[in-house]
Amino acid sequence: MAEFAVRDLSPALGAEVEGVDLSSELDGDTIQRLRQLFDDRSVLVFRDVELDDDDQAYLAGLLVGREAPRDRGSAIDNAVVYKEHYSNKEEGGYAPTGRLLYHSDSMWAETPSELLSLYGVKVGQPSVPTTWVSTAYAWTSLPDQLRKRIEGLEVEHMTGQQPRGNEAEMLKAVHEETRSVVTPIAKPHPRTGRPLLFASEMATSRILGMTREDSEDLLQELFTHLYNDPENFYQHEWRQHDLVIWDNVATQHGRPNLTREGAERTLRKVIAPVPTHHMAKPSFVDTAASS
């Protein structure tokens, strides 16, 4: 087994990993240790690693599923590399400008993506960070009174950003169709079974069975709990050749306002496993052009 070092990045989530050669096929013991670390810490950070598309897809494909893929090729086939980068400089890039509220990708789908990863292809300084919170930790740390108020409730999640926050700064994405799903507010994790506080400021539109006003008031209490606990927070300051890989349902992520004029922030995205829901790239309205 290859020896590697692990350093926790916050009390609730995040671990920096050093000493793993991601460009070669890993042995079984190393794979199992990484899979356990991924389930335990939810966000894994690898600094100063030079990776191509297949290297990034290999690690992403290894970490999800009940059993590890049998070989490198099978792991790569278990992942999807996005054709366009997330970039504020490249033409046609994903999410080129604006702020992203906290969310899990594809919360509106019956089976949201389990794993997301971003790799720093070209990153200038100062770079706009990405931040994460743990939905698993948020559930276990809920005050008893608040937990009793939400047990058994269901929530609706929708495509697009819900009208919360400073609209002028928000990423503006136009989807080809509005899609939505209803889930328990305490959603079990698909692999570990741990209950998750499955509501986000970007995607969750309402709590079922309540007036809009009461629903929003209760959601705001939950968002305060989710996003304002300093122990349940990791902020990644991007550098070129960083790889961050995270559990998309056990965490939520967001970013501050990104502009065209700022330093380049071009990131390659890989997800796993291959999604069962229909993937359609939204169109993006440049926040600078629309303000």
Side-chain angles (χ1 to χ4, degrees), residues 64 80 82 84 86 94-95 98-116 132-136 138-139 142 146 149-167 169-191 193-227 246-255 269 271-285 287 290:
V64 292
V80 175
Y82 276 45
E84 293 92 0
Y86 276 66
Y94 271 83
R99 178 187 173 198
L100 286 173
L101 295 175
Y102 277 109
H103 65 287
S104 299
D105 278 23
S106 60
M107 284 186 79
W108 43 261
E110 290 287 346
T111 54
S113 300
E114 290 185 41
L115 178 151
L116 273 58
W132 283 266
V133 296
S134 167
T135 58
W139 179 263
L142 270 171
L146 186 53
R149 290 171 60 194
I150 65 173
E151 282 181 338
L153 294 180
E154 294 183 315
V155 281
E156 180 183 46
H157 315 289
M158 301 184 68
T159 50
Q161 293 215 91
Q162 298 304 302
R164 300 184 177 108
N166 181 353
E167 186 176 347
E169 286 189 351
M170 295 301 160
L171 170 75
K172 295 176 175 63
V174 180
H175 293 261
E176 63 177 15
E177 62 178 302
T178 299
R179 288 179 278 181
S180 65
V181 70
V182 171
T183 73
I185 203 165
K187 180 174 179 173
H189 191 281
R191 289 191 314 280
R194 294 177 65 188
L196 311 171
L197 182 52
F198 205 69
S200 80
E201 57 183 351
M202 176 191 282
T204 303
S205 60
R206 64 191 177 104
I207 300 173
L208 274 62
M210 291 186 170
T211 66
R212 284 284 180 180
E213 183 178 6
D214 288 345
S215 167
E216 189 62 22
D217 286 346
L218 183 50
L219 284 172
Q220 288 299 328
E221 287 188 57
L222 295 175
F223 297 156
T224 297
H225 174 72
L226 263 166
Y227 309 135
W246 70 93
D247 187 320
N248 180 55
V249 289
T251 69
Q252 293 176 25
H253 62 284
R255 78 171 186 217
K269 183 174 182 178
I271 66 173
V274 177
T276 57
H277 59 267
H278 171 58
M279 294 176 65
K281 180 185 177 183
S283 56
F284 299 101
V285 180
T287 55
S290 62

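Just so you know, residue 1 is the first one in the sequence shown, and it goes up from there. Side-chain atoms are counted along with the backbone in the values below, which use heavy atoms only and exclude waters and symmetry mates.
- Shown here for G193 and P188, the closest heavy-atom pair between the two residues is O-CB, 4.0 Å.
- Put simply, the side chain of H225 gets close to the backbone of A138: a donor and an acceptor are under 3.5 Å apart.
- Residues Y227 and E201 bring no donor and acceptor atom of their side chains to less than 3.5 Å of each other.
- No salt bridge links R206 with E216; every basic N to acidic carboxylate O contact stays at or beyond 4.0 Å.
- Residues T276 and T111 have side chains that bring a donor and an acceptor to within less than 3.5 angstrom of each other.
- Counting all heavy atoms, side chain and backbone alike, S205 lies closest to Q162 at CB-OE1, 3.5 Å.
- Remark: R194 CZ to D247 CG distance equals 9.5 Å, nearest 0.5 Å.
- Interatomic distance, Q161 CD to L101 CG, rounded to the nearest 0.5 Å: 4.5 Å.
- Taking OG1 of T204 as the start and CE of M158 as the end, the distance is 11.0 Å to the nearest 0.5 Å.
- Among all heavy-atom pairs drawn from T159 and T178, the shortest one is OG1-CA, 3.5 Å.
- The nearest pair of heavy atoms linking I185 to A199 is CG1-CB, 4.5 Å.
- Under 4.0 Å is where a charged nitrogen must lie from a carboxylate oxygen, and between E221 and R149 at least one such pair does.
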I would like to know whether H157 and T183 meet side-chain hydrogen bond (donor to acceptor under 3.5 Å, both in side chains); could you show each step before the answer?
CA-CA 8 Å; H157 315 289; T183 73; 2.9 Å; yes
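- Here the side chains of R164 and L219 are in contact, with some heavy-atom distance below 4.5 Å.
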What's the verdict on side-chain contact (heavy atoms from CB on, under 4.5 Å) for T251 and T135, showing C-alpha distance, side-chain angles and the deciding distance?
CA-CA 5 Å; T251 69; T135 58; 5.8 Å; no
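- Checked against salt bridge (charged side-chain N to carboxylate O under 4.0 Å, His left out), E151 has no partners two or more places apart in sequence or in another chain.
- Classified by interplanar angle (parallel below 30°, tilted 30° to 60°, perpendicular above 60°), the ring pair H253/H103 is tilted.
- L100 has its side chain within reach of M202: a pair of non-hydrogen atoms, C-beta onward, lies under 4.5 Å apart.
- Taking CG of D214 as the reference point, atom OG1 of T211 lies at 3.5 Å (rounded to 0.5 Å).
- Contact check for L115 versus W246: no side-chain heavy atoms found under the 4.5 Å cut-off.
- Under the side chain to side chain contact (heavy atoms under 4.5 Å, CB included) criterion, P112 pairs with S106, K187, F198, N248, V249, not counting sequence neighbours.
- Atom CD of residue E156 and atom OG of residue S180 lie 4.5 Å apart, to the nearest 0.5 angstrom.
- Counting only heavy atoms from C-beta outward, the side chains of I150 and L142 approach each other to under 4.5 Å.
- Once rounded to the nearest 0.5 Å, the distance linking CH2 of W139 with OG of S134 reads 13.5 Å.
- Qualifying salt bridge (charged side-chain N to carboxylate O under 4.0 Å, His left out) partners for E114, counting only residues two or more places apart in sequence or in other chains: R191.
- Within the 4.5 Å cutoff, no side-chain heavy atoms of L208 are placed close to those of V155.
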